**Q** 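A single structure is presented below for examination.
Nothing here was measured: the structure is a model prediction, and the numbers come from that model. We count residues from 1, following the sequence as given.
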Amino acid sequence: MVEILAITIFILAIAAILLGVKVIFRKGGTFSSMHIHDSRAMRDRGIHCVMEQDREQRSRKWRVSEKSALTK
């Protein structure tokens, strides 16, 4: 049981070090942003985050009222 725990801790430590290589060994290294709005490829394709899409939809002049949408 102790061997399994030691192996598990060792594997987790190696994984944490490998995940942090860029941050640990580069001067001023940071993790890359995972937000859609920070990705140039996503912006080029016209893909926005959900919050931006919601804001765009709410700002449109024509809206379907919730009541009429539920009755159909």
Side-chain angles (χ1 to χ4, degrees):
M1 185 69 171
V2 174
E3 296 93 13
I4 293 174
L5 183 61
I7 291 170
T8 303
I9 291 172
F10 178 72
I11 291 172
L12 289 174
I14 295 295
I17 290 169
L18 290 175
L19 286 171
V21 165
K22 183 177 177 183
V23 175
I24 295 170
F25 295 113
R26 279 195 181 172
K27 185 177 182 179
T30 59
F31 287 110
S32 301
S33 174
M34 300 303 290
H35 294 278
I36 290 175
H37 67 270
D38 291 334
S39 172
R40 182 180 299 146
M42 292 292 190
R43 284 193 311 257
D44 291 344
R45 291 182 179 118
I47 299 172
H48 306 286
C49 77
V50 141
M51 297 302 287
E52 287 182 41
Q53 289 177 351
D54 183 54
R55 193 176 310 118
E56 288 173 6
Q57 291 296 321
R58 289 176 185 266
S59 69
R60 290 189 177 176
K61 291 183 180 180
W62 53 272
R63 293 185 187 144
V64 176
S65 69
E66 291 180 20
K67 187 175 182 181
S68 66
L70 292 175
T71 58
K72 290 184 179 183

**Q** Suppose clustering is done on Ile, Leu, Val, Met, Phe, Trp and Tyr with side-chain heavy atoms closer than 4.5 Å. Which residues sit in the same group as I47?
**A**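 For the cluster that includes I47, the remaining residues are I36, M42.
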**Q** Hey, are R58 and D54 close enough for a salt bridge, meaning a charged N less than 4.0 Å from a carboxylate O?
**A**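 Yes, R58 and D54 are salt-bridged.
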**Q** Tell me, please, which residues at least two apart from A41 pass side chain to side chain contact (heavy atoms under 4.5 Å, CB included).
**A**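 With neighbours one apart ignored, the set is S39, R45.
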**Q** D38: which residues meet the salt bridge (charged side-chain N to carboxylate O under 4.0 Å, His left out) condition with it, sequence neighbours left out?
**A**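 D38: no salt bridge (charged side-chain N to carboxylate O under 4.0 Å, His left out) contacts found.
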**Q** Is it the case that more than 12 heavy atoms not belonging to I4 sit under 6.0 Å from its CD1 atom?
**A**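 Counting neighbours around CD1 of I4, 12 or fewer heavy atoms of other residues, nucleotides or ligands fall under 6.0 Å, so no.
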**Q** Remaining members of L5's ILVMFWY cluster at a side-chain heavy-atom cut-off under 4.5 Å?
**A**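 Via sub-4.5 Å side-chain contacts, L5 links to I9.
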**Q** Give the other cluster members for I7, using side-chain heavy-atom distances under 4.5 Å between Ile, Leu, Val, Met, Phe, Trp and Tyr residues; answer none if it is isolated.
**A**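 I7 clusters with I11.
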**Q** Just to verify, what does R55 make a side chain to side chain contact (heavy atoms under 4.5 Å, CB included) with, not counting sequence neighbours?
**A**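 By the side chain to side chain contact (heavy atoms under 4.5 Å, CB included) rule, R55 matches M51, E52.
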